[in-house]
2 protein chains.
Amino acid sequence: MSGKIFIIEDEPSIIQLVQHNLEKEGFIVSSSINGNNGLKELKKFEPNLLLLDWMLPDLSGIEICKNIRKDMKLKSLPIIMLTAKGEEEDKIKGLDSGVDDYLTKPFSFNELLARIKAVLRRSDPKIVSDYIEFDDLKLNRNERRVFRSDIEITLGPTEFRLLEFFLLNPKRVYSRDQILENVWPNNINVESRTIDVHIRRLRKSVNLKNKKELIRTVRSAGYSLI
Amino acid sequence: MSGKIFIIEDEPSIIQLVQHNLEKEGFIVSSSINGNNGLKELKKFEPNLLLLDWMLPDLSGIEICKNIRKDMKLKSLPIIMLTAKGEEEDKIKGLDSGVDDYLTKPFSFNELLARIKAVLRRSDPKIVSDYIEFDDLKLNRNERRVFRSDIEITLGPTEFRLLEFFLLNPKRVYSRDQILENVWPNNINVESRTIDVHIRRLRKSVNLKNKKELIRTVRSAGYSLI
DNA sequence: TTTAAATGTTACAAAATTGTTACAATTTAA
DNA sequence: TTAAATTGTAACAATTTTGTAACATTTAAA
């Protein structure tokens, strides 16, 4: 993984966490804790992506966005907006102003990383190296291959997306609704039982004999990786 | 492959990566991390090609370019400029100042190698051996010949470009859109199904009997070499 | 234990995707 | 110019994927 990421965010704890982890992933990271300075430094730094907090002490995230979209050089800079919970309506306003994606605080680093990759993949696929690992499971997105203990597994498209999704936050339990939202294409309607069948298919593919179960059923809650 | 390549670039990590890999390819490589020294050493080294970073601590890439073009001995030295993203406009400026090609950071080594070969091929075809190999497949660009296990294969023009493209990033899955963008001439419009037919033609030519399939179909994603 | 709810499993038809062939239009070579 | 090669697309075949229904099994509560 390579590429440069700039962060404008006023909570130092968030900056620290995100910066540190992104650097561990191989990104070059720089940051600012306010909007006006951020804009200036941003232009010098020439990032491949911007993480932008919604609420800032001076300029609002939206202001910064508009500012960036006017600038010829930065016009196509991908932006991920960080919003606090309860700003759902504002999401729509924000989308109009040219933000590429959103993330609601609090978030896990893996979620953020996934969004960053997704956005970068669209704008500049070369940057994303893309390799997820969990336990003895390896998923290579570029090659679209999955291995369990170095034995290749063949997955159908939905099974692949499903596993990809679980790997973003392994161990976490997802409800059927959450799975639907994230794994199925938007505005498609399938019954929630459909997920059970796909889980079954994924299990069948992933659980080679002699290997322990990777997908846990949490009764009345959903599924998770373990 | 033979020939000498000089690098002027201030990020040591890039120098290291590029130098090492170019040497593995058979080039003789030397480098400098700033413009003024670079210019001096360059004249002693007498390279066949220069990799030049756009942004340098002292002289800009453009300055160096102009300097070189004034020098009788270096007048025809091929130059590949390395630019960070978001300098699109500058590309044009740069082209006027006599740069032969561009590469936007970050880039994969294979992309760089392809550009280097393309430029050298124009300026001094003898230097470029130009030879891509993957599994038991050999593609010789100079002679426009392809071999599978030392048996020559005849490919049509599109089949050749298609295979060439897959060989730049073997194993990686490309969507039909990506293939269209990279293999077909710009601003041409063909249906995505057309690719399937060309893949079929390529397969027919490349898969000699008793040989395993080289092109993998990834349902709902695209194709890749394996 | 009995019962109801939740989940597992299987089968199957419809839908989507890809493979294959043929053919007309265009380009290239002879 | 004529013949051969190349190209894009349509049409149909083969294959894979998908969603759901139906029935089986498990779990938790009464």
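Basis for what follows: all heavy atoms, side chains included, without hydrogens, waters or symmetry-related copies. In what follows, every chain begins at residue 1, and chains take the letters A, B, ... in the order their sequences are listed.
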Query - Out of dA21(D), dG19(C), dA10(D), whichever nucleotide has its closest atom nearest the side chain of Val197(A) - result: dA21(D)
Report summary line: Contacts of Ser192(A) and Gly156(A) projected onto DNA chain D by closest heavy atom; the upstream (5') one is Gly156(A)
**Report entry** Nearest-nucleotide comparison on DNA chain D, the residue closer to the 5′ end among Pro157(A) and His198(B)
**Finding:** His198(B)
Query raised in the report: CG of Leu202(A) versus P of dG19(D): gap in Å, rounded?
Result: 14 Å
Query - Exceeds 12 heavy-atom contacts within 6.0 angstrom, atom NZ of Lys171(B) - result: no
Report summary line: Here the distance between atom P of dA5(D) and atom CD of Glu159(B), to the nearest Å, is 13 Å
Query raised in the report: Given the rule in the ring-ring contact (aromatic ring centres under 6.0 Å, His included) test, do Phe134(A) and Phe166(A) qualify, once you have shown the distances and angles that lead to the verdict?
Result: CA-CA 10 Å; Phe134(A) 174 72; Phe166(A) 278 115; over 10 Å; no
Query raised in the report: Is Thr158(A) near enough to dT18(D) that one of its side-chain N or O atoms lies under 4.0 angstrom from OP1 or OP2?
Result: yes
Report task. Ignoring the backbone of Glu191(A), work out which of dT20(D), dT18(D), dT7(D) is nearest its side chain. Result -> dT20(D)
Query raised in the report: OP1 or OP2 of dG8(C) sitting under 4.0 Å from any side-chain N/O of Tyr223(A)?
Result: yes
Requested in this report: May I have the distance from Leu180(B) (atom CG) to dT9(D) (atom C1'), rounded to whole angstrom?
Outcome: 14 Å
Query raised in the report: OP1 or OP2 of dT18(D) less than 4.0 angstrom from a side-chain nitrogen or oxygen of Trp184(A), does that happen here?
Result: no
Query raised in the report: Donor-acceptor pair under 3.5 Å: do we get one between Arg203(B)'s side chain and the base of dG19(C)?
Result: no
Requested in this report: Return the value, rounded to whole Å, for the distance between atom CD1 of Ile199(B) and atom C1' of dG8(D).
Outcome: 15 Å
Query raised in the report: Among side-chain atoms of Arg161(A) and Ser220(B), is any donor-acceptor pair under 3.5 angstrom?
Result: no
Report task. Could you state the atom-to-atom distance from CD1 of Ile179(A) to P of dT18(D) in whole Å? Result -> 15 Å
Report task. Would you please test Arg176(B) and Tyr223(B) for side chain to side chain donor-acceptor pair (under 3.5 Å) and show each step? Result -> CA-CA 8 Å; Arg176(B) 290 176 176 72; Tyr223(B) 299 96; 3.2 Å; yes
**Report entry** Residue whose nearest DNA chain C nucleotide is more 5′ - Lys204(A) or Ala221(A)
**Finding:** Ala221(A)
**Report entry** Distance-only donor-acceptor test (3.5 Å): side chain Arg219(A), base dT26(D)
**Finding:** yes
**Report entry** d(CD1, Ile195(B); C1', dG19(C)) in whole Å
**Finding:** 15 Å
Requested in this report: Take atom CG of Asp196(B) and atom P of dA13(D), then tell me their distance rounded to the nearest Å.
Outcome: 18 Å
Query raised in the report: With respect to the phosphate group of dA6(C), does any side-chain polar atom (N or O) of Thr217(A) fall under 4.0 Å of OP1 or OP2?
Result: no
Report task. Indicate, with a heavy-atom threshold strictly under 4.0 Å, whether Phe160(B) touches base, sugar-phosphate, or nothing. Result -> nothing
**Report entry** Residue Thr194(B), side-chain heavy atoms: nucleotide from dT17(D), dG19(D), dT9(D) that is nearest
**Finding:** dT9(D)
Query - Atom pair distance, as rounded to whole Å: CD1 in Ile215(B) and P in dT20(C) - result: 12 Å
Report task. Give a yes or no on whether a donor-acceptor pair under 3.5 Å exists between the nucleobase atoms of dG8(C), that is its base, and the side chain of Arg201(A). Result -> no
Report task. Give a yes/no on whether any side-chain N or O of Arg193(A) is located under 4.0 angstrom from OP1 or OP2 of dA6(C). Result -> no
Report task. For Ser220(B), report the nucleic acid contact type (base, sugar-phosphate, nothing); a contact means any heavy atom under 4.0 Å. Result -> sugar-phosphate
Requested in this report: Indicate yes or no for a side-chain donor-acceptor contact from Glu25(B) to the backbone of Phe27(B) under 3.5 Å, with no hydrogens or angles considered.
Outcome: no
Query raised in the report: Considering only dG19(D), dT7(C), dT18(C), which nucleotide approaches the side chain of Arg176(B) most closely?
Result: dT18(C)
Query raised in the report: Can you tell which of Lys204(A), Arg203(A), His198(A) makes a side chain to side chain contact (heavy atoms under 4.5 Å, CB included) with Arg201(A)?
Result: His198(A)
